[in-house]
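Side chains are part of it too, since the values below use all heavy atoms of this structure and drop only hydrogens, waters and symmetry mates.
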Amino acid sequence: MKDLLELRNEIDKIDNQIVELYEKRMEVAEGVAQYKIANHKPVFDREREHQKLMTLSAKAHSDFNRNGIRELFDQIMAMSRKKQYQLLSENGIREEIGFTPVDELDFENARIVFQGVEGAYSEQAMKEYFGSHCDNYHVDTWKDAMEAIKNGEADYAVLPIENSSAGIVSENYDLMVAYDNYIVGEQIIPIEHALLGLPTANLSDICTVYSHPQALMQCGEYFEEHRGWEKISLKNTAMAAKKVKDDGIASQAAIASKITADIYGLKVLENAIQDNKNNKTRFIIVTGKKIYRQKAAKMSICFEIPHESGSLYRMLSHFIYNNLNMTNIQSRPIGDRNWEYRFFVDFEGTFEDTAVQNALRGLREETTYLKILGTY
């Protein structure tokens, strides 16, 4: 039996040969890229790569090695494609994105729409982003806000997209795919929930609590202390406060911001009842125009992938290979295709970055669907 040192020396020799052959292969890949550039051919040929993997893996002598060869050459071909995408950029062939850069967003004559009623957290986010005197109005649902942008009734909409405690607002992720509206900004605001009741009410009177489903979730520990209370979901926290005022029933309370207590003449029965005392919600600013501020530094995209082993890994490798920092990744089921998912990724970068161009080019060729949701 060979000793360990001798075996390691053999592996080192083989590894050196692999490195040499890999670099030779990348040199040939450059030639392939130049040919494709000259003849306007796509980099990714899915059927050829599939046949190549089948042929190479069949040369191995065991199931383990067949799987290993398939995975190895899958990675080698993926790296070859990434090299070719880089060469396209170096030859001045940029990815057409259809977005127009602007120095600043035009707020002066803009009309803003938010979901809910006066006092909603969406209204607070809107005022933080656009200023307290912006021209605005509210609608009943997030879909109504997206429709308002689509129909030209508003220039911008403010939508919650993610909470630090309760997670994503899944409906708004789906709406970003359903509508040709685009993210041009974001606003993060602290969320501090209060229990609001009528001026004559006491904490011991409360039997029913109204709020938005996420607000109810964010106060789960507080409800553990009041298990007898009935929780009822409404479209908006401020709507819950308005209902308590309009109903005039002392046993009803709302979870909403302290601001809504002043707006609707309610009393703060308990303050800061959310589980996470550093609770925050991220709102996106959406418009119907494909524009972006030139000093934007973040991008959001969504994509769909072939329903096969390793697909997600291959797509995420475009971010890794191009040194792009992902700040968020989410998945949502694709409605009419059971057990298939659409992926949403936020990452740092802008259209001007060569690394972003390379990643987007690779994703566009290798995904089955890609949408740039915006850069901001």
**Message:** Under the criterion side-chain contact (heavy atoms from CB on, under 4.5 Å), I'd like the reasoning laid out for Val113 against Glu147: C-alpha separation, chi angles, the key distance, then a yes or no.
**Reply:** CA-CA 10 Å; Val113 63; Glu147 282 286 329; over 6 Å; no
Checking the side chain of [X] only, and the main-chain atoms of [Y] only, is there a donor and an acceptor separated by less than 3.5 Å?
X      : Y      : answer
Glu365 : Arg361 : no
Asn39  : Lys41  : no
Asn136 : Cys134 : yes
Ser89  : Asn358 : no

Under 3.5 Å, is there a donor on one side chain and an acceptor on the other for [X] and [Y]?
X      : Y      : result
Asn338 : Glu340 : no
Ser165 : Gln274 : no
Asp353 : Thr350 : no

Look up atom [atom1] in [X] and atom [atom2] in [Y], then write down how far apart they are to the nearest 0.5 Å.
X      : Y      : atom1 : atom2 : value
Lys295 : Thr375 : NZ    : OG1   : 13.5 Å
Glu96  : Leu360 : CD    : CG    : 12.5 Å
Thr141 : Met146 : OG1   : CE    : 11.0 Å

**Asked** Going by the angle between their ring planes, with limits at 30° and 60°, are Phe344 and Tyr173 parallel, tilted or perpendicular?
**Response**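 The arrangement is perpendicular - the two ring planes meet at more than 60°.
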**Prompt:** For the side chain to side chain donor-acceptor pair (under 3.5 Å) test, which of Glu49, Glu47, Arg48 pairs with Gln51?
**Reply:**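 With Gln51 as partner, side chain to side chain donor-acceptor pair (under 3.5 Å) holds for just one option, Glu47.
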**Request:** Pick out which of Asp205, Ile206, Leu196, Leu198 makes a side chain to side chain contact (heavy atoms under 4.5 Å, CB included) with Leu269.
**Result:**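 In the set Asp205, Ile206, Leu196, Leu198, the residue that makes a side chain to side chain contact (heavy atoms under 4.5 Å, CB included) with Leu269 is Ile206.
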**Asked** Is Lys245 positioned over the aromatic face of Tyr264, cation under 6.0 angstrom from the ring centre and no more than 45 degrees off axis?
**Response**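 No - Lys245 does not lie over the ring of Tyr264 by the 6.0 Å and 45° rule.
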**Asked** Think Arg111 forms a cation-pi with Tyr137, using NZ or CZ under 6.0 Å from the six-ring centre and within 45 degrees of its axis?
**Response**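 The answer is yes, since Arg111 meets both limits relative to Tyr137.
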**Item:** Sole candidate of Tyr156, Phe107, Phe114 that passes ring-ring contact (aromatic ring centres under 6.0 Å, His included) when paired with Tyr129
**Value:**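 Of Tyr156, Phe107, Phe114, ring-ring contact (aromatic ring centres under 6.0 Å, His included) with Tyr129 is met by Phe107 alone.
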**Message:** If hydrophobic residues (ILVMFWY) are linked whenever their side-chain heavy atoms come closer than 4.5 Å, directly or via other members, who joins Leu4 in its cluster?
**Reply:**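 Its cluster partners, ordered by chain and number, are none at all.
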**Request:** Would you mind listing the cluster partners of Met217? Hydrophobic ones only (ILVMFWY), side-chain contacts under 4.5 Å, chaining allowed.
**Result:**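 Listed partners: none, Met217 stands alone.
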**Item:** salt bridge (charged side-chain N to carboxylate O under 4.0 Å, His left out), paired with Glu366, selected from Arg314, Arg81, Arg46
**Value:**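 Answer to the salt bridge (charged side-chain N to carboxylate O under 4.0 Å, His left out) test with Glu366 among Arg314, Arg81, Arg46: Arg81.
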**Asked** Taking only residues two or more places apart in sequence or in another chain, which ones pass side-chain contact (heavy atoms from CB on, under 4.5 Å) with Leu370?
**Response**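 Partners of Leu370 by the side-chain contact (heavy atoms from CB on, under 4.5 Å) criterion, ordered by chain and then number, come out as Ile301, Phe303, Leu363, Arg364, Thr367.
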**Message:** If you apply the rule side-chain contact (heavy atoms from CB on, under 4.5 Å), what do you find for Gln187 with Val158, and how did you get there?
**Reply:** CA-CA 9 Å; Gln187 182 66 50; Val158 180; over 6 Å; no
**Item:** Full working for side-chain contact (heavy atoms from CB on, under 4.5 Å) between Ser164 and Asn278
**Value:** CA-CA 8 Å; Ser164 58; Asn278 193 33; over 6 Å; no
**Request:** Consider only side-chain heavy atoms of I, L, V, M, F, W and Y, link residues closer than 4.5 Å, and tell whether Phe44 and Ile76 are in one cluster.
**Result:**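 Looking at the clustering, Ile76 is in a separate group from Phe44.
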**Request:** Determine whether Phe343 and Ile161 fall in the same hydrophobic cluster, where Ile, Leu, Val, Met, Phe, Trp and Tyr are linked whenever their side-chain heavy atoms lie under 4.5 Å apart.
**Result:**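 Each belongs to a different hydrophobic cluster.
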**Message:** Check Arg282 with Glu186, please: is the shortest side-chain N to carboxylate O separation under 4.0 Å?
**Reply:**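 Salt bridge: yes.
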**Request:** Quick one: list whatever passes ring pair (Phe, Tyr, Trp, His ring centres under 6.0 Å) with Tyr182, sequence neighbours left out.
**Result:**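 Expected list: Phe99.
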**Asked** Under the salt bridge (Lys or Arg N to Asp or Glu O under 4.0 Å) rule, what pairs show up with a residue in residues 30-40, not counting sequence neighbours?
**Response**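 Only Glu30-Lys83 qualify under salt bridge (Lys or Arg N to Asp or Glu O under 4.0 Å).
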**Prompt:** Restricting to pairs with a member in residues 216-239, which pass side-chain hydrogen bond (donor to acceptor under 3.5 Å, both in side chains), not counting sequence neighbours?
**Reply:**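 Sorted pair list: Gln115-Asn236, Asn163-Gln218, His193-Gln218, Gln218-Asn279, Tyr222-Glu270, Glu224-Arg227.
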